[in-house]
Amino acid sequence: MNKKTKFILDEEDMPRYWYNIQADLPKPLPPVLHPGTGNPIGPQDLAPLFPMELIKQEVSTERYIEIPDEVRDVYRLWRPTTLFRAHRLEKALDTPAKIYYKYEGTSPPGSHKPNTAVAQAYYNKMEGIKRITTETGAGQWGSALSFAGSFFGIEIKVYMVRISYDQKPYRRVMMEAWGGKCIPSPSPETQAGRNMLAKDPDSPGSLGLAISEAVEDAVSRDDTHYSLGSVLNHVLLHQSIIGLETKALMEKIGVYPDIIVGCVGGGSNFAGMYLPFVKDKIDGTKPNLRIINVEPASCPTLTKGPYAYDFGDQAGLTPLMKMFTLGHNFMPPPIHAGGLRYHGMAPIICHLLNLGLVEARAEHQLGTFMAGITFARTEGIISAPETMHAIKVVIDEALKCKESGEAKTILLAHSGHGHVDMAAYEAYLSGKLSDYEHPTGAIKESLAQLPKVY
Ligand SMILES: *Cc1c(COP(=O)(O)O)cnc(C)c1O
């Protein structure tokens, strides 16, 4: 039996280009619409928020886009990342399946998020921007952007959802260690925040409100832009380095996945893994490849939402994107996988799902924790609660192989470690965790408020 466990590219073989799926889509993406006019938006509409280079990437149809040397130089701190063969998990499951996982938890902030944070900080720096605002829920994105800002001398201002700010102090301290400024949202620093505080001084905040504060702050100053850590096309582009590295490694060892599995919140880590593979499905060379997007049953965007135009934020400030959505007013229950609680989904993933090129599945919290614990006790890694959703499906698929006797190759996109999520592990291990039914009533109510687009 071949016991080789780790597969790593040489630093010099790290990809020099990101892969842009927009070059290969069988049908172009539906246009992004201006919320006021209902017409497709142009670059000028986005210019107060993003550097022009990122706006160009958002709509580019060039297949490969060069990764700037300055960005690659920062990537070298943890990239290329390792592809593992999960020998011990396979053995514990007694499955003939071959399980591989690409692990993004070795970046200093502990997830895939710096792949885009570093690129975004760089392009902002090149445009003379001194300051970037953003929002964060559980704190993973805020810490990744603070990390990236430190390399390019950019001040990072993070509006962190109040309830997380109070309950999860360690991500905030990470932001501060990297020089970021983190304040609870609602804050007295913006009109949106002041309005909410006047209504409810003890408001726990929400991601939608934090976005509104970060956007208001960014447009009020010339030296400041706004940054988003998932969903948008340019974010998925930057994350494609995960899939490009994986594909190069798998080619080297002569394997190709039958099934690729990952978790989706806004969709960036998993799309980053599979977009270079989905290309093979589009061009017909790998028609049987299966790609499974896994989401929480409590926030079932892809499995229960309609494919419709909606806002990206709760306040309705952003352009309208066509996506599977639970409605921008949808408030998912407070599960531990904070990074998966988003009402919408990356338009690229939604388009691929709509074309039948990828699949979606929803998983309940308790089952995902059980899978995460199995993974910790076989492969050793303490996974983020987000990632556990994908691990659950990998285990299910491997057990199906055991029944059928098929030796399928299963590839897991492992998005990050859970070292800052020990409170969630504690709740699970002490039996305090429960499943949330997907709130049908709340979804219906929220969907009734979808914007009208003709
Ligand atoms: C933020 C996060 C996610 C969800 O975001 P995507 O954009 O869907 O990738 C998943 N896993 C980890 C570890 C995260 O930090």
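Start at 1 and go down the list; that is how both ligands and their atoms are numbered. The model shown is predicted, which means the values in this text are computed figures rather than measured ones. Values below: every heavy atom of this structure, side chains too, minus hydrogens, waters and symmetry copies. Nothing fancy with the numbering, it's 1 onward along the sequence.
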Student: One pair to check against salt bridge (charged side-chain N to carboxylate O under 4.0 Å, His left out): Asp396 and Lys400. What are the steps and the verdict?
Tutor: CA-CA 6 Å; Asp396 288 348; Lys400 277 186 207 160; over 6 Å; no

Student: Using a strict cut-off of 4.0 Å, indicate which atoms of ligand 1 neighbour a heavy atom of Gly267.
Tutor: 6 (P), 7 (O), 8 (O)

Student: Do Glu104 and Arg79 sit within salt-bridge range, that is, some charged N less than 4.0 Å from a carboxylate O?
Tutor: yes

Student: Given the rule in the side chain to side chain contact (heavy atoms under 4.5 Å, CB included) test, do Asp217 and Arg131 qualify, once you have shown the distances and angles that lead to the verdict?
Tutor: CA-CA 10 Å; Asp217 180 333; Arg131 193 171 164 271; 2.9 Å; yes

Student: Using a 3.5 Å cut-off on N or O atoms only, is Glu386 in polar contact with ligand 1?
Tutor: no

Student: In ligand 1, which numbered atoms sit nearer than 4.0 Å to a non-hydrogen atom of Ala384?
Tutor: 13 (C)

Student: If you measure from each non-hydrogen atom of Ser268 to ligand 1, which part falls under 4.0 Å: side chain, backbone, both or neither?
Tutor: both

Student: Are Phe277 and Tyr256 near enough that their ring centres are under 6.0 Å apart?
Tutor: yes

Student: Using a strict cut-off of 4.0 Å, indicate which atoms of ligand 1 neighbour a heavy atom of Ser415.
Tutor: 10 (C), 11 (N), 12 (C), 13 (C)

Student: Give yes if a backbone or side-chain nitrogen or oxygen of Gly265 is under 3.5 Å from a nitrogen or oxygen of ligand 1, and no if not.
Tutor: yes

Student: Which residue owns the protein heavy atom closest to atom 4 (C) of ligand 1, what's the atom, and how far is it?
Tutor: Gly339 O, 3.4 Å

Student: Is Glu397 salt-bridged to Arg290, going by a charged N under 4.0 Å from an acidic O?
Tutor: yes

Student: Just going by heavy-atom distances, which of Lys113, Gln239, Glu295, Met345 is nearest to atom 2 (C) of ligand 1?
Tutor: Lys113

Student: Taking only heavy atoms of Ser230 into account, list the atoms of ligand 1 that are under 4.0 Å away from them.
Tutor: 6 (P), 7 (O)

Student: Do Ser185 and Glu135 have side-chain N/O donor and acceptor atoms under 3.5 Å apart?
Tutor: no

Student: Using the rule given for side chain to side chain contact (heavy atoms under 4.5 Å, CB included), can you reason through Tyr101 versus Val394, listing the C-alpha separation, both sets of side-chain angles and the distance that settles it, and then say yes or no?
Tutor: CA-CA 10 Å; Tyr101 58 97; Val394 166; over 6 Å; no

Student: Which of the numbered atoms in ligand 1 are below 4.0 angstrom from a heavy atom of Val264?
Tutor: 8 (O)

